[in-house]
Amino acid sequence: MPSTNTPVQTPSEIIKRIAGYSNAVTALLETYDMLPAADQADILAVASSMADDIARDLAALVGGAA
């Protein structure tokens, strides 16, 4: 049976992922006013989900730094 272990990520890799997600959230929010009202809620939901991922990664990073 193949291993299901997740590879351990270095702090540098976590920081790069956080930066990438942050840039993506910024780009999404910059388009908010240009979108039709029907699409604005979707953009906010995606940005919120990505912000949750950022918060989780930051918590893992801080926990690993202690």
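Side-chain atoms are counted along with the backbone in the values below, which use heavy atoms only and exclude waters and symmetry mates.
Nearest heavy-atom pair, Glu13 versus Gln9, reported as atom, atom and distance to 0.1 Å: OE1-CA, 3.2 Å. Counting all heavy atoms, side chain and backbone alike, Leu35 lies closest to Gln40 at O-NE2, 3.3 Å.
The OG atom of Ser22 lies 7.5 Å from the CG atom of Leu58; values are rounded to the nearest 0.5 Å. In this structure, CD1 in Ile14 is found 11.5 Å from CZ in Arg56, a value given to the nearest 0.5 Å. Here OH of Tyr32 is found 11.0 Å from CG of Asp39. Values are rounded to the nearest 0.5 Å.
With a 4.5 Å cut-off on side-chain heavy atoms, Leu29 and Leu44 count as touching. Between Asp42 and Val46 the shortest side-chain heavy-atom distance does not fall below 4.5 Å.
For the side-chain contact (heavy atoms from CB on, under 4.5 Å) with Ile18, the qualifying choice from Asn23, Asp53, Asp57 is Asp57, the only one to do so.
Not a single donor-acceptor pair under 3.5 Å links the side chain of Thr31 to the backbone N or O of Met34. Ser49 places no side-chain N or O within 3.5 Å of a backbone atom of Ala45 that could act as its donor or acceptor partner.
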